[in-house]
Amino acid sequence: MFLQKKIGILGGGQLGAMLIRHAVDFGLKINILDNDKAAPCANYSSGFVLGDTLNYDDVMKFGENLDIITIEKEAVNTQALHDLQTKGVKVYPAPETVEIIQDKLTQKRFLESHNIPVVPAIAIENRLELRQYAEKLPACLKLRRDGYDGKGVMILKSADDIANAFDKPSILEDLVDIKHEISVIVTRNEEGEIKCYDPILMEFDKVKLLLDYQISPCDIGENIAQEAITIAQQIAKALQLKGILAVEMFVTKSGKVLVNELAPRPHNSGHHTIEGCNTSQYEQLLRVITGMPLGDTASTAHTIMINIIEPPAERKGSTEAALKAIAQIQGVHIHWYGKSEGRAGRKMGHINITAKSHDEAVTLANKTRNTFNSLYEKN
Ligand code: ADP
């Protein structure tokens, strides 16, 4: 029976935990590989294996007895995924897809070769080479590998900033005059069927380069929304995607849509799909990997997602008081990741707020955020 397959996920973070939550609906048992024994999935998986998702032997040992393997982060050993595939394990997404995306330079060159609009960039080996391109500044420097949550990204305003720039293989991108940051989540199954979710609008904290909140459906204009969806579909086809892909895009002030980056796994920008869409992104991925038809992706509510970030210890208020207070607000759905507290800047959970209209969602989200922060953080 397809629902009795042995399934494994590389990575045991909150995205994996939300996959497990949805796997329960299908009676699926999920095994996890993660090197943190306190990872969010540790409490919920059927088999938790301690090991490094980037280590060949760890991934091989974990995957050898599984039928199906998928990922909840890109930092995985793709050689092991190739070899597991050769041994008959079904791997989602294909290891080749992960390899293209793991490196921001190969990702960009792949998209360019398929005529997908991207932000122009040049490859930089190290800080010394960067000095030759001082006349290109201001620009955006990004590590080719292993950046996340803005940690591998820096804006270089002038040559004075080069002394503190990354000294590793990077890309130097033109600075984009950003009007909106949006994301489209697209899924494609092995039959080649493709479904997209409505674009979501992401609002970023301009200082920390960290997500503030996101809203879906969003008011970016019918033409731009359609263009973003078409681009996501083209990328899914170009990659021959088997699985789920988040396509983060910029809408420029002159109205162009440019792809910023791809993530071939469940994504933050799809958190709202749990309460805000007919089929969540997590269920959708489970449908792909178990060979079920794709679910309907239509939005069923106006949803705003707010991340909960751990404040510095000296400003920490009461988690319990904050959660109890927002639990009284209509439309609030709490997603708490069960991480150990204490590291400032850590994503501890998120809140989805659902409402019947955009305006109502905004009013409730502001009330929720103010109520939560007034108790969770001391001024
Ligand atoms: P990460 O993978 O860490 O999320 P991103 O590539 O999404 O990194 O960049 C983080 C943020 O930096 C973006 O959301 C955007 O606000 C800003 N940014 C990224 N690239 C550019 C660019 N070329 N021009 C201007 N701002 C950018």
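As a basis for the values below, the full set of heavy atoms in this structure was taken, side chains included, without hydrogen atoms, waters or symmetry mates. Treat the numbers as computed from the prediction; the structure is a model and nothing was measured. Just so you know, ligand 1 is whichever comes first in the structure, and atom 1 is the first atom listed for that ligand.
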* Asked: If you measure every N/O of Val176 against every N/O of ligand 1, is any gap under 3.5 Å?
  -> yes

Ligand 1 contact on [X] by region, counting heavy-atom pairs under 4.0 Å:
| X | result |
| --- | --- |
| Met154 | neither |
| Val153 | side chain |
| Asp174 | backbone |

Per-atom contacts, ligand 1 versus [X] - under 4.0 Å to a heavy atom:
| X | answer |
| --- | --- |
| Ile178 | 25 (C), 26 (N) |
| Leu175 | 24 (N), 25 (C) |
| Asn260 | 5 (P), 6 (O), 7 (O) |

* **Nearest-0.5 Å distance that lies between atom NZ in Lys356 and atom OG1 in Thr300** => 12.0 Å

* Under 3.5 Å, is there a donor-acceptor pair between the side chain of Thr297 and the main chain of Cys196? -> yes

* To do: Going by heavy-atom distance to atom 23 (N) of ligand 1, choose the closest among Glu173, Lys151, Glu248.
  => Glu173

* Structure fact -> Out of Glu261, Lys142, Glu74, Lys104, the nearest non-hydrogen contact to atom 20 (N) of ligand 1 is supplied by Lys142

* Asked: Using 4.0 Å as the upper bound for N to carboxylate O, is an ion pair formed by Glu173 and Lys104?
  ->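 Answer for the salt bridge query: no.
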
* Touching ligand 1 at all, Met202? Heavy atoms, strictly under 4.0 Å? -> no

* Count the heavy atoms of every other residue, nucleotide or ligand shown that sit under 6.0 Å from NZ of Lys339, and state whether that count exceeds 12. =>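 More than 12 within 6.0 Å, yes.
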
* Asked: With no hydrogens and no angle check, do the side chains of Tyr197 and His272 hold a donor and an acceptor under 3.5 Å apart?
  -> no

* **Donor + acceptor pair across side chains of Tyr376, Glu320 (<3.5 Å)** =>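 There is no such pair between these side chains.
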
* Can the ring centres of His22 and Phe26 be said to be less than 6.0 Å apart? ->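 No, the ring of His22 stays outside the 6.0 Å limit from the ring of Phe26, centre to centre.
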
